[in-house]
Amino acid sequence: MLEKIKPYEFDQVFSMMEHSFPVDEYRSYEEQKALLSEQNTRQNYSIYVLHAPDQKTIQAFLAVWQWKDLAFIEHFAVDPALRSQGIGSFVLKEAKRRFSQRLCLEVELPETELAKRRIAFYERNGFYVNEYAYVQPPLSKGKRELPLLLMTSRGKISQEEFETVKGQLYREVYGKARQKKDLTIIGAAIVDVLARPVSPEVFRTGSQPVEEARLSFGGDALNEAVVLARFGKQVELVSKVGNDDAGRQVLAFLKNAGVSVDCIQTEDGLQTGTNIVLVDQSGERYFLTNPKGSLRRLARQDVEPYLEDAADIVCFAGMFVSPLLDIPAMEQIFCKIKSKPGRVLAADMTKAKNGERLEDLKKLLPYIDYLFPNEEEIALLTGETDPKENARRLVQAGVGCAVIKCGGRGCLVQAGDVSYQIPAYPVQEAVDSTGAGDCFAAGFLWGLSEGMGLQECGRFACAAASCAVEQLGATAGICSLDEPMRRFQR
């Protein structure tokens with residue numbers, strides 16, 4: 001049976017590793033031993049050995065990384081003198097018995113007879129080839145990256161599952177930082193079911209014809225990320241969805257939009273958030289939400305792993321959306337974001353749901369460089385209805401720049417003693433205001449990333465919002481940078 005390696009057995013295992021793998025596929029003696037010595041603090045990495053009957057020699061070994069849903073066999077080898085005796089199959093059978101998770105391992109491309117035989121061996125033992133492009137990053141300095149394939153037990157995995165597995169291996173095993181993006185957006189990614197126009201009469205009659213009914217995608221962070229990607233920016237989204245059909249649709253939509261999904265957690269048993277959005281004749285919208293869906297389940301532990309390598313501009317798109325991201329949790333997240341010198345933190349919000357007041361946010365606000373509340377949202381925090389006074393209070397409380405969204409009247413921008421009242425752009429017809437505030441925020445962030453001044457950022461944000469309200473759906477009104485830029489420049 002498989003047993004955990006004893007310290008004095010390491011040299012024998014490493015010698016077997018040297019004779020079984022190309023030099024680019026294993027670490028140096030010192031690196032490997034150091035990794036193993038950390039197993040008391042890194043409980044997810046272990047080496048297991050199969051002893052000969054005399055208990056003095058090792059016949060085979062497995063080096064395994066374990067997580068909640070995955071066990072990655074990084075190295076597996078049988079003593080060369082004992083091959084073709086069924087030991088390899090026995091070890092894999094024991095691994096399946098010991099580990100409850102899906103097993104995963106890397107194999108060389110089937111370009112040589114030896115590689116083909118290895119793949120066939122694993123297939124005979126219940127592993128499946130996943131035909132997705134995969135490159136093993138260099139294990140250490142001086143090593144080469146290697147094009148390989150991933151094989152998994154329990155059947156092949158989907159493209160979305162593959163991306164999740166690859167991201168976990170890159171982060172946890174290879175310590176590879178993800179590619180730096182222009183912007184990192186944090187918050188919700190959900191499904192929207194939209195219908196317009198809907199009147200209160202539907203609740204009396206029980207049925208009502210509408211001009212449009214459409215499945216769409218939304219969530220404050222998703223909307224901002226998609227618009228920024230359509231503006232040509234490299235964007236990543238930090239979020240969480242369920243491991244369900246709706247979640248897979250959200251991920252596919254984001255990938256097609258050019259948004260990186262490497263920082264999106266997929267959780268078994270969680271329902272991906274779905275909103276029913278009823279839009280009235282004037283374009284105002286009314287939401288029916290599922291409080292048990294992913295919209296309300298994003299937590300600090302879903303966000304923090306991605307903050308160290310986040311972009312130089314980060315937007316926390318949904319203050320007060322998830323009850324798990326309460327004020328103490330947001331304070332810890334904001335502090336970590338701002339721990340990197342020069343990083344910009346922007347934040348958007350929805351209406352406070354538990355009676356929070358501005359003074360309750362006194363520890364949060366000094367971290368925020370740009371805050372994008374609308375008139376109603378900030379009035380709930382201050383008890384004041386005047387946007388100018390509310391902007392002044394935000395700046396006084398420590399916000400670098402307060403940007404108050406005023407709907408059809410445009411926006412108010414204040415930083416220090418400097419204030420700009422920026423009018424809205426005229427629209428042909430206000431069809432749907434869903435996501436207009438998110439598109440505004442995306443426009444402002446785009447301006448910041450391009451080095452625009454505050455007044456220009458506000459003007460471009462208003463131009464983006466004017467495009468958004470002319471179509472049904474949060475992001476349907478913005479296909480590229482062209483139309484918002486045309487409006488901005490006229």
**Q** Measure the spacing between CG of Leu358 and CG of Leu365 and express it to the nearest 0.5 Å.
**A**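 If we round to the nearest 0.5 Å, Leu358:CG and Leu365:CG are 5.5 Å apart.
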
**Q** Going from CZ on Arg296 to NZ on Lys292, what distance comes out if it is rounded to the nearest 0.5 angstrom?
**A**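 Answer for the CZ-NZ pair, Arg296 versus Lys292, is 14.0 Å.
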
**Q** Does Asn275 reach the main-chain N or O of Phe287 with its side chain, forming a donor-acceptor pair under 3.5 Å?
**A**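 No, Asn275 side chain to Phe287 backbone: no donor-acceptor pair under 3.5 Å.
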
**Q** Is it true that Arg297 and Glu267 make a salt bridge, defined as a side-chain N closer than 4.0 Å to a carboxylate O?
**A**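 Looking at Arg297 and Glu267, the cut-off is not met.
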
**Q** What is the distance from atom CZ of Phe440 to atom CD of Glu224, rounded to the nearest 0.5 Å?
**A**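 Result: 11.0 Å between the selected atoms.
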
**Q** Could you tell me whether the side chain of Val279 reaches within less than 4.5 Å of the side chain of Glu212, counting heavy atoms only?
**A**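 The answer is no, as the side chains (C-beta and beyond) never meet within the 4.5 Å cut-off.
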
**Q** Are the side chains of Met319 and Leu371 in contact, using a 4.5 Å heavy-atom criterion?
**A**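 In short, these two side chains touch, coming nearer than 4.5 Å.
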
**Q** Would you say the side-chain atoms of Asp369 pair up with the backbone N or O of Gly400, donor to acceptor, closer than 3.5 Å?
**A**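 Here the side-chain-to-backbone pair does not exist.
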
**Q** Atom CD in Gln271, atom CD1 in Ile190: separation rounded to 0.5 Å?
**A**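 CD1 of Ile190 is found 13.0 Å from CD of Gln271.
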
**Q** From Arg102 CZ over to Asp69 CG, what is the distance, rounded to the nearest 0.5 angstrom?
**A**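 Nearest 0.5 Å value for the CZ-CG distance: 9.5 Å.
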
**Q** Would you say the side-chain atoms of Gln208 and Ser199 include a donor-acceptor pair closer than 3.5 Å?
**A**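 Side-chain D/A pair, Gln208 to Ser199: present.
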
**Q** If the threshold is 4.0 Å, N to carboxylate O, is there a salt bridge linking Arg154 and Glu161?
**A**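 Salt bridge between Arg154 and Glu161, a charged N being under 4.0 Å from a carboxylate O: no.
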
**Q** Taking the six-membered ring for Trp and the single ring otherwise, decide whether the centroids of Phe316 and Tyr367 are under 6.0 Å apart.
**A**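 They do not qualify: ring centres at least 6.0 Å apart.
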
**Q** Distance-only, no hydrogens or angles: does the Arg214 side chain make a donor-acceptor pair with backbone N or O of Leu472 under 3.5 Å?
**A**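 Yes: the side chain of Arg214 pairs with the backbone of Leu472.
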
**Q** Do the side chain of Asn256 and the main chain of Phe253 share a donor and acceptor less than 3.5 angstrom apart?
**A**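 Not confirmed, Asn256 side chain does not pair with Phe253 backbone.
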
**Q** Check this for me: does any side-chain nitrogen of one of Glu456 and Arg459 sit under 4.0 Å from a carboxylate oxygen of the other?
**A**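 Salt bridge flag = no for Arg459 with Glu456.
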
**Q** Less than 4.0 Å between a side-chain N and a carboxylate O, is that true for Glu31 and Lys143?
**A**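 Not counted as a salt bridge, because no side-chain N and carboxylate O are separated by less than 4.0 Å.
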
**Q** Which of these, Phe372, Phe231, Tyr370, sits in a side chain to side chain contact (heavy atoms under 4.5 Å, CB included) with Leu445?
**A**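 The passing option is Phe372.
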
**Q** Any side-chain heavy-atom pair from Cys411 and Cys462 closer than 4.5 angstrom?
**A**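 A side-chain contact under 4.5 Å exists here.
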
**Q** If we ignore hydrogens and angles and just use 3.5 Å, is the side chain of Lys180 paired with the main-chain N or O of Asp309 as donor and acceptor?
**A**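 Side chain of Lys180 to backbone of Asp309, a donor-acceptor pair under 3.5 Å: no, none is there.
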
**Q** Are side-chain heavy atoms of Val314 and Thr184 found at a separation under 4.5 Å?
**A**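 SC-SC contact between Val314 and Thr184 confirmed.
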
**Q** Got Glu304 and Gln301 here, is their nearest side-chain heavy-atom distance under 4.5 Å?
**A**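 Side-chain contact under 4.5 Å: no.
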
**Q** Can you tell whether the side chains of Lys340 and Asp312 come within less than 4.0 Å, N to carboxylate O?
**A**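 Yes.
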
**Q** Crowded around Gln489 CD? As in, over 12 foreign heavy atoms under 6.0 Å?
**A**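 Counting other residues, nucleotides and ligands, CD of Gln489 exceeds 12 neighbours.
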
**Q** Return yes if a side-chain donor-acceptor contact under 3.5 Å exists between Gln101 and Trp67, otherwise no.
**A**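 Per modelled atom types, Gln101 and Trp67 side chains form no pair under 3.5 Å.
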
**Q** Do Glu359 and Arg393 meet the salt-bridge criterion of a basic N to acidic O distance under 4.0 Å?
**A**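 No, Arg393 and Glu359 are not salt-bridged.
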
**Q** Kindly compute the distance separating CD1 (Ile333) from CD1 (Ile186), expressed to the nearest 0.5 Å.
**A**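 Interatomic distance, Ile333 CD1 to Ile186 CD1, rounded to 0.5 Å: 6.5 Å.
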
**Q** Got a donor-acceptor contact below 3.5 angstrom from the Asn390 side chain to the Glu384 backbone?
**A**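 At least one qualifying donor-acceptor pair exists.
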
**Q** Would you say Tyr45 and Glu172 are linked by a side-chain donor-acceptor pair, where the criterion is simply a distance under 3.5 Å?
**A**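 The criterion, which ignores hydrogens and geometry beyond distance, is not satisfied for Tyr45 and Glu172.
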
**Q** Restricting to non-hydrogen atoms, name the atom on Ala189 and the atom on Ser239 that form the minimum distance, rounded to 0.1 Å.
**A**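 Reported closest heavy-atom pair: N-OG, 3.5 Å.
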
**Q** For Glu389, I'd like to know if atom CD has over 12 heavy atoms of other residues, nucleotides or ligands within 6.0 Å.
**A**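 Buried by this count: over 12 neighbours within 6.0 Å.
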
**Q** For the pair Arg171 (side chain) and Pro305 (backbone), establish whether a donor and an acceptor sit closer than 3.5 Å, ignoring hydrogens and angles.
**A**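 Not a single qualifying donor-acceptor pair exists.
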
**Q** State whether the side chain of Glu375 and the backbone N or O of Glu377 hold a donor-acceptor pair below 3.5 Å, judged by distance alone.
**A**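 Not confirmed, Glu375 side chain does not pair with Glu377 backbone.
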
**Q** When you compare the side chain of Phe162 with that of Leu150, does any pair of heavy atoms fall below 4.5 Å?
**A**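 They are in side-chain contact.
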
**Q** Please list, chain by chain and in numerical order, all residues satisfying side chain to side chain donor-acceptor pair (under 3.5 Å) with Glu284, sequence neighbours excluded.
**A**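 Side chain to side chain donor-acceptor pair (under 3.5 Å) list for Glu284, sorted by chain: empty.
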
**Q** Answer yes or no: is there an ion pair linking Lys405 with Asp348, defined by an N-O contact shorter than 4.0 Å?
**A**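 Result for this pair is yes, salt bridge flagged.
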
**Q** Is a donor from one side chain sitting under 3.5 angstrom from an acceptor on the other, for Arg248 and Ser158?
**A**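 No, no side-chain donor-acceptor contact under 3.5 Å.
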
**Q** Whether the side chain of Thr205 engages the backbone of Ser207 through a donor-acceptor N/O pair (distance < 3.5 Å, no angle test) should be reported.
**A**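 Yes, Thr205 side chain to Ser207 backbone: donor-acceptor pair under 3.5 Å.
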
**Q** Between Val64 and Ser46, is there a side-chain heavy-atom distance shorter than 4.5 Å?
**A**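 In short, these two side chains do not touch, never coming nearer than 4.5 Å.
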
**Q** Is any side-chain heavy atom of Asp302 less than 4.5 Å from a side-chain heavy atom of Val238?
**A**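 Asp302 does not reach Val238 side chain to side chain.
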
**Q** With no hydrogens and no angle check, just 3.5 Å: does a side-chain donor-acceptor pair link Tyr306 and Gln265?
**A**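 There is such a pair between these side chains.
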
**Q** Charged N to carboxylate O below 4.0 Å: is that the case for Asp262 and Lys166?
**A**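 Salt bridge flag = no for Lys166 with Asp262.
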
**Q** Tell me, with the steps shown, if Glu450 and Lys233 meet salt bridge (charged side-chain N to carboxylate O under 4.0 Å, His left out).
**A** CA-CA 10 Å; Glu450 292 291 307; Lys233 293 297 179 180; 2.5 Å; yes

**Q** Under a 3.5 Å threshold, yes or no: a donor from one side chain and an acceptor from the other, between Ser449 and Asp182?
**A**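 Absent: no donor and acceptor within the cut-off.
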
